[in-house]
Amino acid sequence: MYGNTIIEIPGDTDFDPVKTFECGQCFRWNADKNGVYTGIASNRAAKVWRENKSVFISCAPGDYTGFWRNYFDLDRDYAALRNQLDTGDYLKKAVEFGTGIRILRQDKWEALCSFVISQCNNIMRIKKIIEALAKSFGKPITFEGQTLYCFPEAEDIAVLTPADLDQIRCGYRSEYIIEAARAVSSGILDLDRLSKTGYKQALTELKSLKGVGEKVANCVILYGLHIHEAFPVDVWMKKALSAHFADDFRPESFGKAAGLAQQYIFYYTRSGNL
DNA sequence: AAACAGGCCTAAA
DNA sequence: TTTAGGCCTGTT
């Protein structure tokens, strides 16, 4: 089946593809020399780009309303969320800088696996490892003339041994990946259920996995379970928080805008604005 | 060459 | 409850 449809999302400053893909929340969107992003999620591929004031999405017929609209979180009112964050000069600047970021509604297992891989790694290597994982164990699909590889299912990883993962060069994370895959595929860890049990419960259960600590768990909760109270704190966030927030700052004070606030602050800091 | 990269685990106070 | 060292690997 070929002949993709192109969807135009007009005049929406709340969706900036570059910021959304480059703010560190995802690893499988890559731009070509024209700034057109190709990505793959939940066994579907798409191209996304900005042209004048619009964002365009090229995808299989039906996939926009059936999938990408939700993936890009297009039904959430980001302006309303930002209104909860106009406190303090620093945060205002970060918010202004990051406006256009959308928190992607990523696949739960993919988020878990990806952020286990992310620990103590730089983004380039994270991407390389994930691509190798997909190429080695994921299903190939053809999209607009190129072959892309789906993220492997938990079931496909659960049957492997650490030695099988040597080829993807993920180092000591291999046993973490396999344990997580087994927990998910066996049903011991039910990510769909966790997305409904609330932040605290999700945090506790995710952290029970070997190789999943506070930071990785919060990434999984935000990007995979779509619970916006999550507030991942990595080394960059620690720097930003200690430089610009009171010692007794608590992310809960941001409520359901906490996850987005974190993303604005992280992106602002990583872009050289500590 | 040595240090570091979007942490986490374990052991030890 | 907090802290130090070690961990795979690739890059600078």
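Chain identifiers are assigned alphabetically (A, B, ...) following the order of the sequence lines, protein sequences preceding nucleic acid strands; residue numbering begins at 1 within each chain. Just the heavy atoms: all of them, side chains too, but no hydrogens, waters or symmetry mates, feed the values below.
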| field | Integer-rounded Å distance: dG7(B) C1' and F266(A) CZ | value | 13 Å

| said: Which is more 5' along DNA chain B, the nucleotide nearest G211(A) or the one nearest G24(A)? Just name the residue. | reply: G24(A)

| message | For dC8(C), does the base pair up with any side-chain atom of R173(A) as donor and acceptor (N or O, under 3.5 Å, distance only)? | response | yes

| task | Provide the distance between the two P atoms, one in dG6(B) and one in dG6(C), to the nearest whole Å. | result | 22 Å

| With a 4.0 Å cut-off, would you call K92(A) and D89(A) a salt bridge? | no

| note | From the candidates dC8(B), dC7(C), dG6(B), the one with an atom nearest any side-chain atom of Y223(A) is dG6(B)

| request: To the nearest Å, give me how far apart CD (E214(A)) and P (dC9(B)) are. | output: 11 Å

| task | Return the 5'-most residue of the pair R125(A), V216(A) with respect to DNA chain B, ranking by each residue's nearest nucleotide. | result | R125(A)

| query | Using 4.0 Å as the upper bound for N to carboxylate O, is an ion pair formed by R28(A) and E131(A)? | reply | yes

| message | Using the side-chain heavy atoms of K210(A), tell me which of these nucleotides is nearest: dG6(B), dT10(B), dT11(C). | response | dT10(B)

| message | Please confirm whether the ring centroid of F97(A) lies under 6.0 Å from the ring centroid of Y267(A). | response | yes

| task | Figure out the CD/P separation between E175(A) and dC8(B), and round it to whole Å. | result | 15 Å

| How long is the line joining CD1 of I168(A) and C1' of dC8(C), in whole Å? | 12 Å

| message | Categorize V212(A) for me: base, sugar-phosphate, or nothing, with a 4.0 angstrom heavy-atom threshold over every strand shown. | response | sugar-phosphate

| Length of the line joining F21(A):CZ and dG6(B):P, which is rounded to integer Å | 21 Å

| query | When we call it a touch if two heavy atoms are under 4.0 Å apart, what does L209(A) touch: a base, just sugar-phosphate, or nothing? | reply | sugar-phosphate

| said: Can you measure W236(A) atom CH2 to dA5(B) atom P for me and round it to whole angstrom units? | reply: 7 Å

| request: Classify the side chain of R169(A) versus the base of dT9(C) as yes if they form a donor-acceptor pair under 3.5 Å and no if they do not. | output: no

| N122(A) has an atom CG; how far is it from atom C1' of dT12(C), in whole Å? | 11 Å

| task | Between G171(A) and M124(A), just flag the one whose closest nucleotide in DNA chain C comes earlier from the 5' side. | result | G171(A)

| said: Tell me the interatomic distance from K207(A), atom NZ, to dG7(B), atom P, rounded to whole angstroms. | reply: 16 Å

| Between Y268(A) and Y90(A), does the ring centroid distance fall short of 6.0 Å? | yes

| query | Can you tell which of dG6(B), dT11(C), dG7(B) lies closest to the side chain of C219(A)? | reply | dG6(B)

| query | How about F27(A) and F21(A): are their ring centres within less than 6.0 Å of each other? | reply | no

| query | Between the base of dG7(B) and the side chain of Y176(A), is there a donor-acceptor distance below 3.5 Å? | reply | no

| task | Sort out the partner of dC8(C) for me: Watson-Crick or G-U wobble, both distances under 3.5 Å, none otherwise. | result | none

| said: Working to the nearest 0.5 angstrom, can you tell me the gap between E229(A) CD and K200(A) NZ? | reply: 11.0 Å

| Got a donor-acceptor pair under 3.5 Å from the side chain of K215(A) to the base of dG7(B)? | no

| said: Once you apply a heavy-atom cut-off of 4.0 Å, does I129(A) come out as touching a base, just sugar-phosphate, or nothing? | reply: nothing

| task | Taking atom P in both dA11(B) and dC8(C), compute the distance separating them and give it to the nearest angstrom. | result | 15 Å

| message | Is there a side-chain contact between K128(A) and the phosphate of dT9(C), meaning an N or O under 4.0 Å from OP1 or OP2? | response | no

